[in-house]
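So you know, we letter chains A, B, ... as the sequences are listed, proteins then strands, and number each from 1.
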2 protein chains.
Amino acid sequence: MEASRPDTATRILDVSERLFVEHGFEATSLRMITQQAEVNLAAVNYHFGSKDALFEAVFMRRLAPLIASCLAELDELEAREEKLSVESLVTTFIRPCLALSKDPARGGALFVRLLSRTLVENHRLLRETISQQYSVFVQRYSRAFHHALPELGVEELAWRMHFAFSVMFNAFAGNDVLKIFTRSQIVSARDPDMIVKYLVPFVVAGLVSPVKG
Amino acid sequence: MEASRPDTATRILDVSERLFVEHGFEATSLRMITQQAEVNLAAVNYHFGSKDALFEAVFMRRLAPLIASCLAELDELEAREEKLSVESLVTTFIRPCLALSKDPARGGALFVRLLSRTLVENHRLLRETISQQYSVFVQRYSRAFHHALPELGVEELAWRMHFAFSVMFNAFAGNDVLKIFTRSQIVSARDPDMIVKYLVPFVVAGLVSPVKG
DNA sequence: AAGCGTTTCAAACTTACGTTTTAATTTGAT
DNA sequence: ATCAAATTAAAACGTAAGTTTGAAACGCTT
């Protein structure tokens, strides 16, 4: 019952996703990728055109479905409830991320880590192609949070959303900013369910906290 | 009244700090650095030994004083107050970061961005050298937060600190995870004072929120 | 079985990288 | 002023990077 070997392009995408997360885009060479994928060096340029285009392909394979899932959850929630709670809103984002993180067939947490890393790096390949395509994502969530938290001014809301998504991305990416200083033994640091148990209350508390006089 | 030209090593450090933030360590070549610093290519290896050692030098120049400042604030606070508030505790970390971000002579927000970026990248040069040196930082804050929030279990506290430092690092680093999707016009996104105004309440609310039954 | 588009392969190409070398120059103490 | 040490400079070294090439192998229709 050996798993059938995926085709060349898929093998390249899978290995690239992992190596880009581990070493970063620049530090990952096509020779590392093609060796681990057990394909010929020229296969990358044949199937994807260039290393830059490969990165975009790796990225879009996961990002498009992930964003679609979030928006679908948002649609469903807005159809079901009149007044949205902040927690349910946060969950529409968390749940697809969690599902992705727990699905080895889709690379598990690899992509969320890649996403987080790429956002922090402010990657040139992201600025150009992805920002315009997925502005609808931010717009939808901005409107939804505005309805859930009408007492917040637009500036304060924007900041709180910024903070909320920052910490959520980092949590799923497993970027333990404290562990790097110590040998801290949060053994469950990469267990997605544990993340959510503590993450949602933290984020919701920050979002709904009363405005300072 | 032209500023006197700093010596070669300092010019290299200053330029490297900026380029490492902009393009990352791997994508920044010594030729880019030495050209912009207007020094000879061999100067990096002469003064620092290698590109790896240069990165460490760039990093330690800022990190050691920053951590020292945080711990000094912590000492002062613990000497002054019996029972520490979470907000005052958060401020002992925020204030040195803010001071650094507002001081052009120390590179302004550049280093905090580099720190954030390097943490997310889980950089090899960080794991080896810095983690053991600065474990005292995490230990001190862990103890302090434990005293300020005695009702939290060690696991829950570790998670909340993880989330709190994540969002603080990202905020100072100016990693606007939402702006990359849109052309969002939070014009003040890089204004350190604005960050603190909204950041502290958000973080404190997450930290002190009551434990779920 | 022949033919044809698609894919794979080994090899080479060009370029840029970090580093080293050797000599020239500057600096600072005597 | 002199000499030794520290610094700068120009050039080259060896390696590895992304990409291209042209032929071989494969898969499919006829």
_Touch class at under 4.0 angstrom, heavy-atom based, for A/Thr28 against every strand present_ = sugar-phosphate
*To the nearest angstrom, how far is B/Gln35 atom CD from D/dA9 atom C1'?*
15 Å
*In whole angstroms, how far is the P atom of C/dT7 from the CZ atom of A/Phe48?*
12 Å
*Taking only side-chain nitrogens and oxygens of A/Thr8, does any of them come within less than 4.0 Å of OP1 or OP2 of C/dT8?*
yes
*Name the residue closer to the 5' end of DNA chain D, choosing between A/Val44 and B/Asn40 according to the nucleotide with the nearest heavy atom.*
B/Asn40
*Salt bridge B/Asp14-B/Arg106, side-chain N to carboxylate O under 4.0 Å*: no
_A/Lys51 side-chain proximity, nearest of C/dG18, D/dT8, D/dT19_ = D/dT19
*Angle class for the A/Phe20/A/Phe25 ring planes (parallel below 30°, perpendicular above 60°, tilted otherwise)?*
tilted
*Distance-only polar pair, side chains of B/Gln36 and B/Arg18, donor-acceptor under 3.5 Å*: yes
*asked:* Rounded to whole Å, how long is the line connecting atom CZ of A/Phe25 with atom C1' of D/dA17?
replied: 12 Å
*Could you check how far CG of A/Asn45 sits from C1' of D/dT20, rounded to whole Å?*
8 Å
*Could you tell me whether A/Ala43 contacts a base, only the sugar-phosphate backbone, or nothing, with contacts defined as non-hydrogen atoms closer than 4.0 Å?*
nothing
*For atom CD of A/Glu26 and atom P of C/dG18, their distance in whole Å*: 12 Å
*A/His47 side chain N/O closer than 4.0 Å to the phosphate oxygens (OP1, OP2) of C/dT6?*
no
*asked:* Counting only side-chain heavy atoms from C-beta out, which of D/dG18, D/dA6, C/dA10 sits nearest to A/Ala42?
replied: C/dA10
*Reckon A/Ser29 has a side-chain N or O less than 4.0 Å from the OP1 or OP2 of D/dA17?*
yes
*How close do A/Ala148 and A/Leu84 get, heavy atom to heavy atom, and via which atoms?*
CB-O, 3.5 Å
*Can you tell which of C/dT8, C/dC17, C/dA10 lies closest to the side chain of B/Arg31?*
C/dC17
*Could you give the CZ-to-P distance, from A/Arg5 to D/dC26, as a whole number of Å?*
14 Å
*Take atom CG of A/Leu30 and atom C1' of C/dT14, then tell me their distance rounded to the nearest Å.*
15 Å
*Could you go step by step and tell me if A/Tyr46 and A/Thr8 meet the side chain to side chain donor-acceptor pair (under 3.5 Å) rule?*
CA-CA 10 Å; A/Tyr46 175 77; A/Thr8 301; over 6 Å; no
*Report the distance from atom CG of B/Leu41 to atom P of C/dC17, rounded to the nearest whole Å.*
10 Å
